[in-house]
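Just so it is clear, the structure is predicted and the values come from calculations on it, not from any experiment.
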Amino acid sequence: MMSDQAHALQVTDLYKVYGKGCPECFSLTGPEHERNICPRCRSLVACHGISLNLFKGEILGIVGESGSGKTTLVRCLYFDQPVTSGAACLDAYDGGRSNILAGSSQQQRRIRNHFLGMVYQNPLMGIKPDFTAGGNVAEKLLTAEIYNYGFIRQRASELLSRTEVPLARMDDLPVNFSGGMQQRVQIAKALANNPNVLLLDEITTGLDVSVQARVLDLIKEIQRDLGISMLVVSHDLAVIRMLADRTLVMKNGCIVESGLTDQILEDPHHAYTQLLVNSML
């Protein structure tokens, strides 16, 4: 059924190497070698030929241990990190005909401002602590070339209300908020430009269990109501189980297994996936 749906995002053969690299990097790293550091040149192969499709209206989960490359992947897709090689096409931009990873910095800035949203593990990477909660949402709208003050104020109120940030605190600084409330401000900001694709990186790490549950419920509600395509990265299979329609499993920079989330959890095939699932039980 998924194959009949339109793609929101397609990624093909994405490589990201930290270091000078050498001809041996890709043949001497990966899950079969149990390492992602090249023994010849000591470069780190963070992403090793990653290809994926994110369908419109879908939540795609990416799970793996620390160092598997999942966070590097989403950082590359949000242009926080340059890729070594590879392609990504966004349906909302140029009808999916352009490799957005090869665009100029100006083109990438426009794509990020108009078509993408990002929610980081550390909320203070996605919001400015010296801007008010409403001011953070306003900043995203301004970068998307929306300048009407009345609309900006109304939009900020709507999004903060939706993400359960009390409107009485709209003009407060996030530095005075709890971690959970900072995360909700970050989500409101990421939604401000009506992104076609929302990237979420370990969004519940460091939050209390009760706060985690509310944040996850909020993400599901937003996806259900707005139909935004989401790429969710987590080391926690419980988070992936709650959110994701399909799941990719990463190890040592490679995708080692993929499928419907229920199938991955109930009948994992790869030894590493079996280990992850067993550790959750």
Side-chain angles (χ1 to χ4, degrees), residues 2 11 14-16 18 26 28-39 44-55 58-77 81 118-123 125 179-180 183 186-187 198-220 223 230-281:
M2 284 291 186
V11 179
L14 188 153
Y15 287 84
K16 174 61 180 177
Y18 293 99
F26 303 134
L28 295 178
T29 61
E32 67 274 20
H33 298 287
E34 289 292 330
R35 62 177 173 239
N36 56 6
I37 295 178
C38 176
L44 171 63
V45 181
C47 291
H48 192 301
I50 300 297
S51 296
L52 62 86
N53 296 321
L54 172 64
F55 297 101
E58 178 189 31
I59 299 181
L60 178 63
I62 301 179
V63 69
E65 64 193 351
S66 178
S68 63
K70 58 191 187 301
T71 289
T72 296
L73 173 61
V74 293
R75 295 279 182 88
C76 287
L77 294 176
Q81 298 277 352
M118 177 74 171
V119 181
Y120 296 91
Q121 175 180 341
N122 179 356
M125 288 186 64
Q183 194 65 287
Q186 188 187 192
I187 293 169
L198 184 62
L199 308 169
L200 303 106
D201 181 22
E202 300 280 12
I203 58 169
T204 59
T205 301
L207 300 180
D208 293 339
V209 173
S210 60
V211 177
Q212 286 185 27
R214 290 202 297 275
V215 169
L216 294 176
D217 285 340
L218 172 62
I219 294 300
K220 286 290 285 185
Q223 195 277 335
M230 299 184 182
L231 197 61
V232 178
V233 164
S234 181
H235 68 278
D236 189 343
L237 271 174
V239 170
I240 296 298
R241 177 169 58 182
M242 179 172 178
L243 293 180
D245 305 303
R246 289 187 301 127
T247 296
L248 309 177
V249 181
M250 286 188 66
K251 179 176 174 58
N252 295 128
C254 298
I255 295 173
V256 296
E257 189 162 354
S258 64
L260 296 175
T261 301
D262 287 345
Q263 293 175 344
I264 292 285
L265 294 178
E266 293 173 11
D267 186 24
H269 290 176
H270 194 278
Y272 175 66
T273 312
Q274 293 170 1
L275 184 65
L276 286 180
V277 172
N278 288 336
S279 70
M280 187 181 72
L281 299 178

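The list of salt bridge (charged side-chain N to carboxylate O under 4.0 Å, His left out) pairs with a residue in residues 263-279, not counting sequence neighbours, is empty. Counting only residues at least two apart or in different chains, side chain to side chain donor-acceptor pair (under 3.5 Å) contacts with residues 252-261 comprise Thr247-Thr261, Glu257-Thr273.
Judged by distance alone, the side chains of Glu202 and His235 do bring a donor and an acceptor atom under 3.5 Å apart. Side-chain contact of Thr71 with Asp201: a donor-acceptor pair under 3.5 Å is present, judged by distance alone.
A distance of 12.0 Å separates CG of Leu218 from CD of Gln223, quoted to the nearest 0.5 Å. Separation of atoms OG1 (Thr72) and OH (Tyr18) is listed at 4.0 Å; rounding is to 0.5 Å. To the nearest 0.5 Å, atom CG of residue Asn36 and atom OG of residue Ser68 are 9.0 Å apart. Atom CD in Gln183 sits 8.5 Å away from atom CG in Asn122 (nearest 0.5 Å). Considering CG of Leu216 and CG of Leu207, their distance stands at 9.0 Å, rounded to 0.5 Å. The distance from the OG1 atom of Thr205 to the CD atom of Gln121 is 4.5 Å, given to the nearest 0.5 Å.
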Verdict with reasoning, Met230 to Glu58, per side-chain contact (heavy atoms from CB on, under 4.5 Å): CA-CA 6 Å; Met230 299 184 182; Glu58 178 189 31; over 6 Å; no
Test Asp236 against Arg241 for side-chain contact (heavy atoms from CB on, under 4.5 Å), laying out the working first. CA-CA 9 Å; Asp236 189 343; Arg241 177 169 58 182; over 6 Å; no
Steps toward side-chain contact (heavy atoms from CB on, under 4.5 Å) verdict (Ile203, Val215): CA-CA 8 Å; Ile203 58 169; Val215 169; 4.0 Å; yes
side-chain contact (heavy atoms from CB on, under 4.5 Å) assessment of Val119 paired with Leu199: CA-CA 6 Å; Val119 181; Leu199 308 169; over 6 Å; no
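In terms of modelled atom types and a separation under 3.5 Å, the side chain of His270 and the main chain of Tyr272 share a donor-acceptor contact. With hydrogens and angles disregarded, a donor-acceptor distance shorter than 3.5 Å links the side chain of Gln274 to the backbone of Pro268. Side-chain atoms of Arg214 do not come within 3.5 Å of backbone N or O of Val209 as any donor-acceptor pair.
Scanning all heavy atoms of the two residues, the minimum distance from Gly30 to Cys254 falls at CA-SG, 4.3 Å. Closest heavy-atom contact between Leu243 and Ile219: CD2-CG2, 4.0 Å. Contact record, Glu65 with Lys70: O-NZ, 3.2 Å, taken as the closest heavy-atom pair. Scanning all heavy atoms of the two residues, the minimum distance from Leu265 to Val277 falls at O-CG1, 3.5 Å. The two residues Gly69 and Cys47 have their closest heavy-atom pair at O-SG, 3.6 Å. Of all non-hydrogen atoms in Ala244 and Leu60, the two that sit nearest each other are CB-C, 4.3 Å.
With sequence neighbours excluded, no residue satisfies side chain to side chain donor-acceptor pair (under 3.5 Å) with Gln212.
A perpendicular orientation is assigned to the rings of His48 and Phe26, their planes being inclined by more than 60° (bins at 30° and 60°).
The closest side-chain heavy-atom distance from Glu34 to Lys251 is below 4.5 Å. Taking 4.5 Å as the limit, some side-chain heavy atom of Arg75 sits within range of a side-chain heavy atom of Tyr120. Side chains of Ile50 and Met250 form a contact here, defined as non-hydrogen atoms less than 4.5 Å apart. In this structure, Lys16 and Leu73 have side chains that are not in contact, with every pair of non-hydrogen atoms separated by 4.5 Å or more.
Put simply, the residue from Leu200, Leu77, Leu198, Ile59 that forms a side chain to side chain contact (heavy atoms under 4.5 Å, CB included) with Leu231 is Leu77.
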